[in-house]
Number of protein chains: 2
Amino acid sequence: MAKKVLIVYAHQNSRSFNAAAKNAAVDILTDQGCIVEVSDLYAMASKAAATAEDLKGNLTCAEAFRYPDESKLSWEQGNLSYEIAKEQSKLAEADLVIFQFPMYWFGVPGILKGWFDWVLTNGFDFSQDEPYGLEIFKGKKAVLSLTTGCRTAMFCVDDDMNVTLWPLQNGVLHHCGFQVLAPQVFWAPEFADAEERWNMLASWRLRLEGLLEEEPLSFTPLVCFNEKTSQLKPDDHEKHASK
Amino acid sequence: MAKKVLIVYAHQNSRSFNAAAKNAAVDILTDQGCIVEVSDLYAMASKAAATAEDLKGNLTCAEAFRYPDESKLSWEQGNLSYEIAKEQSKLAEADLVIFQFPMYWFGVPGILKGWFDWVLTNGFDFSQDEPYGLEIFKGKKAVLSLTTGCRTAMFCVDDDMNVTLWPLQNGVLHHCGFQVLAPQVFWAPEFADAEERWNMLASWRLRLEGLLEEEPLSFTPLVCFNEKTSQLKPDDHEKHASK
């Protein structure tokens, strides 16, 4: 059966490097027989604020409104807004999700952070009782594909971009249960010449050929941490400390 | 002269714990003689998407629109939208900025991430030529004050919340030049009983009494990293590795 791919794309300009990277993914994966869907957040004028307007039913506790709780109840009752339900249904069907965005302030643009906030509803995408792995997400892969506005040193701790990306890769994606693939980082394409940019895209195209078969990153499982102190349990320290 | 405080507040509900924490800050700091201003992002219906609508002048390169570049030019020409100019002027005057928000997905809510994206314009708040310290921000202090939706283990690596907060504290605040104070973390007030919540607020009120005099966190300066490899230079490794 054809694999399904969702690309969540957050750039304002259809002639940007991000657009080219997104188009490359659409082309290559479609050529491989995948069914590819794009959520173009700026084109959708996707709202970024998580508000009571997202919820169609009555609030259970309007006075003490808490978005995570109320949206969980709305999800259980089928009362999320059409826009949220639509994004959730795309996610539920996808075998692979690519997030394509320019890094703003060491993270995703506000419009994409908002998408995380209102699409990844407690219950649908994660569970406080069962963090890091609802059944629905266990077979799905996800990858962050991003451009930076400057060279490496700014974002890396000891040459490791994964520290900057930890809240996104561990906190959002792994937390939902996704198999998280290594990030695709395009370093400062705006400072590169045409040939360098072409090479960056060529290397992305090559990677896309085998993306669905890539092995995911490994994360230290939550059970290895002491619940009270948050520290790695002694038995697991040696095994996982180097990660 | 009276100190000026800006509270950037991102909660939908005026009866929330976040609202109580914000109100405590307004009360204590006003009592100390400070001039306190609140940017209530949901009440302002603050937009979170960074788009060309933020820029009043002509775009220099509409075809290859890049928000960071265009907003920098608009800032230089005084062509940023009224909303942005107003937030920037509050920031420019503040001696202390408190960001009060519930943590969503290991980070700030989309509406606050959007505020960072469009208020912290290249040129005004940071400079690629002079990262980590434009003159205007060097005397300002900033503190993240946040609630979590669950207990500690989820957010901490070896008991250290600063890994989760690194992109915000180092990437946004320290990068602008702020003196970053230790974060104020309210662990899962929704699971606390009334007395525990009261104690949390009491301890925040106590901290607020001396907040303006607190010593900031220390960050390893960018000059200690090798520009090409992003690794700590050998001389600095011993000195800074433990941070």
Side-chain angles (χ1 to χ4, degrees), chain A residues 12-13 15-16 41-42 45-52 63-69 102 104-118 120 128 131 149-159 163-164 166-168 170-172 175 190 222 225-232, chain B residues 12-13 15-16 41-42 45-52 63-69 102 104-118 120 128 131 149-159 163-164 166-168 170-172 175 190 222 225-232:
Chain A
Q12 305 91 338
N13 173 19
R15 297 184 61 162
S16 61
L41 301 190
Y42 287 98
S46 177
K47 68 195 276 293
T51 63
E63 274 199 354
F65 180 76
R66 291 192 64 258
Y67 189 84
D69 296 342
Y104 285 171
W105 286 111
F106 288 56
V108 296
I111 200 169
L112 178 51
K113 182 57 174 61
W115 189 94
F116 289 145
D117 294 347
W118 51 260
L120 304 181
Q128 284 189 330
C150 48
R151 309 280 182 183
T152 61
M154 197 82 77
F155 299 111
C156 295
V157 174
D158 266 5
D159 209 18
V163 174
T164 293
W166 192 84
L168 294 168
N170 178 74
V172 181
H175 195 166
E190 69 182 298
L222 200 61
F225 292 92
N226 179 306
E227 265 185 50
K228 287 195 180 139
T229 66
S230 311
Q231 293 188 329
L232 274 174
Chain B
Q12 304 90 341
N13 174 19
R15 297 183 61 164
S16 61
L41 301 191
Y42 288 98
S46 176
K47 69 195 274 297
T51 63
E63 273 199 354
F65 180 77
R66 288 191 68 259
Y67 189 85
D69 296 343
Y104 285 172
W105 286 110
F106 289 57
V108 297
I111 201 168
L112 177 51
K113 181 59 174 62
W115 189 93
F116 289 144
D117 293 346
W118 53 258
L120 304 180
Q128 285 188 331
C150 49
R151 309 280 182 183
T152 60
M154 198 81 77
F155 299 111
C156 295
V157 174
D158 266 6
D159 210 18
V163 174
T164 293
W166 192 84
L168 294 168
N170 177 74
V172 181
H175 194 165
E190 69 181 298
L222 200 61
F225 291 91
N226 179 306
E227 265 185 52
K228 285 193 182 140
T229 66
S230 311
Q231 294 187 328
L232 274 173

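Here is how names work: the chains are called A, B, and so on, in the same order as the sequence lines, proteins then strands, and each is numbered from 1. Computed from heavy atoms alone, side chains included, the values below leave out hydrogens, waters and symmetry copies.
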Test side-chain contact (heavy atoms from CB on, under 4.5 Å) applied to B:F106 and A:W166, step by step: CA-CA 9 Å; B:F106 289 57; A:W166 192 84; 4.0 Å; yes
task: Side chain from CB out, backbone as N, CA, C, O: work out which of these in B:Y42 comes under 4.5 Å of a heavy atom of chain A, or both, or neither.
output: side chain
task: Would you mind telling me which of A:G107, A:G114, A:P102, A:P167 has the largest number of heavy-atom pairs within less than 4.5 Å of chain B?
output: A:P167
Distance, nearest 0.5 Å, that separates CH2 of B:W105 from CH2 of A:W115: 10.5 Å
query: So, B:K113 side chain and A:L112 main chain: donor-acceptor pair closer than 3.5 Å or not?
result: no
- prompt: Of all of A:L168, A:L41, A:D117, which one pairs up most often with chain B through heavy atoms under 4.5 Å apart?
  reply: A:D117
